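Please read the structure below before turning to the comments.
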There are 2 protein chains.
Amino acid sequence: MKLTTKGRYAVMAMADLASYSKNKPVSLSEISTRQNISLAYLEQLFIHLKDNKLVKSVRGVKGGYALDRPASEIKLSNIFHAVNEEVKTLNCKKESKKGCNHKSIKCITHNLWDKLDNHINGFFENVKLDELVKR
Amino acid sequence: MKLTTKGRYAVMAMADLASYSKNKPVSLSEISTRQNISLAYLEQLFIHLKDNKLVKSVRGVKGGYALDRPASEIKLSNIFHAVNEEVKTLNCKKESKKGCNHKSIKCITHNLWDKLDNHINGFFENVKLDELVKR
DNA sequence: TTAAATCTTAGTAAAACAGTAGGATTTATT
DNA sequence: AATAAATCCTACTGTTTTACTAAGATTTAA
């Protein structure tokens, strides 16, 4: 059960944006050096962040990225969702698969994994970007 | 962020034991068919569960496994720990590594991952095996 | 015109995962 | 004594995912 770098880096980069982008956009190379994340990798992440309207971009020289809405209105769940960092404790959602076959007795733990999903997603849902940055 | 089958299967198998092993031991082949998990894979998991004194074994014909203590005294965290299902949100514990270098500003999110770890581990710590089985 | 930036698509080495395979050992039953 | 059912043990392996890298196209301020 581990967080992928995609999810971690996306949050780090967004937190960086939240603290350094006042008015003007911040370039990915800045974030790259500050957070020690490869530029090319950041580029990939930001395409998704942009698609999900979490950031807006300015192209060309002096360009970069800025938050598309206040940090107080961006939840961690928004960020994770944007880069496809999903919580998957089951691999059995719809059809019955190996290790879980929806018969009440056989998959005793089915309900447990649902609760775990909710527990973790609840955390992501309740933390907002501004809370990471203040202080 | 996903649970490995090791963790899931171990909990499923332990829940199976808790419901089917009254007095006599339960063989892994029974669990294998009931839970639809490969026998050879179960064997590997149970070595670890045994090492961690969560189950006890009876060898030979009519042998099998049984819980080593009441289901009410076995936490999910015990099971996950036994099979090395760990929560790892950071990959930077001691030394500074890529993507996190302990300088206060650079790794703004360090504290966040700690909280996430605690949040998830708290769930595992607070659910006991008997709760899965009762009704 | 240049250079700094975003945008886009492919590819890829390494690690982790999810098992298999093949036996050795123990022991109740026949 | 033989058999078969079970645990025990170690090694191997195909597949998938991860975590990038590479290479270029496009945009735009200076």
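None of these values were measured; they are calculated from a predicted model. Quick note on labels: first sequence line is chain A, next is B, and so on, each numbered from 1.
Checked against C:dT29, D:dA29, C:dT6, the side chain of A:Glu43 finds its nearest nucleotide in C:dT6.
The side chain of B:Lys50 places an N or O atom within less than 4.0 Å of a non-bridging phosphate oxygen (OP1 or OP2) of D:dC8. Under 4.0 angstrom from either OP1 or OP2 of C:dT20 there lies at least one side-chain N or O belonging to B:Ser38. Side-chain nitrogen and oxygen atoms of B:Thr4 include none within less than 4.0 Å of the OP1 or OP2 phosphate oxygen of C:dC17. Not one side-chain nitrogen or oxygen of B:Ser57 sits closer than 4.0 Å to the OP1 or OP2 atom of D:dT7. Proximity of A:Tyr9 to the phosphate of D:dC20: a side-chain N or O atom is located under 4.0 Å from OP1 or OP2. Between A:Ser29 and C:dA4 there is no side-chain N or O to OP1 or OP2 distance below 4.0 Å. The shortest distance between the side-chain N/O atoms of B:Tyr41 and the OP1/OP2 oxygens of C:dC17 is not below 4.0 Å.
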Do B:Met14 and B:Leu54 pass the side-chain contact (heavy atoms from CB on, under 4.5 Å) test, and can you show the C-alpha distance, the side-chain angles, and the key distance before you say yes or no?
-> CA-CA 9 Å; B:Met14 289 291 283; B:Leu54 297 177; 3.8 Å; yes

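Along DNA chain D, the nucleotide closest to B:Lys2 and the one closest to B:Asp51 are compared, and the more 5′ of them pairs with B:Asp51. If A:Gly64 and B:Lys6 are placed on DNA chain C by their nearest nucleotide, the residue sitting closer to the 5' end is A:Gly64. Mapping A:Leu3 and A:Arg59 onto DNA chain D by nearest heavy atom places A:Leu3 closer to the 5' end of the strand.
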Show me, pair by pair, the donor-acceptor contacts under 3.5 angstrom made by side chains of residues 56-66 of chain A, not counting sequence neighbours?
residue	atom	partner	partner atom	Å
A:Ser57	OG	A:Lys50	NZ	3.3

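For A:Leu39 and D:dC20, the CG to C1' distance is 13 Å, given to the nearest whole Å. Rounded to whole Å, atom P of D:dT27 lies 14 Å from atom OH of A:Tyr65. Between A:Gln44 atom CD and C:dT8 atom P the separation is 12 Å, expressed in whole Å. Separating the CD atom of A:Glu85 from the P atom of D:dT17 is a distance of 14 Å, rounded to the nearest angstrom. Distance B:Leu42 CG to D:dA6 C1': 14 Å, rounded to the nearest Å. Atoms CD1 (B:Ile37) and P (C:dG19) sit 9 Å apart, rounded to a whole Å. Put simply, NE2 on A:His48 is 16 Å from P on C:dT6, counting in whole angstrom units. Regarding A:Lys24, its NZ atom lies at a distance of 12 Å from the P atom of C:dA5, rounded to whole Å.
For the pair A:Glu86 (side chain) and A:His81 (backbone), a donor-acceptor distance under 3.5 Å is absent.
A:Phe46 comes within contact range of no nucleotide atom at all, as no heavy-atom separation falls under 4.0 Å.
In this structure, the side-chain hydrogen bond (donor to acceptor under 3.5 Å, both in side chains) partners of B:Ser27, at least two apart in sequence or on a different chain, are B:Ser29.
For A:His119, the NE2 atom sits in a packed shell: over 12 heavy atoms of surrounding residues, nucleotides or ligands are nearer than 6.0 Å.
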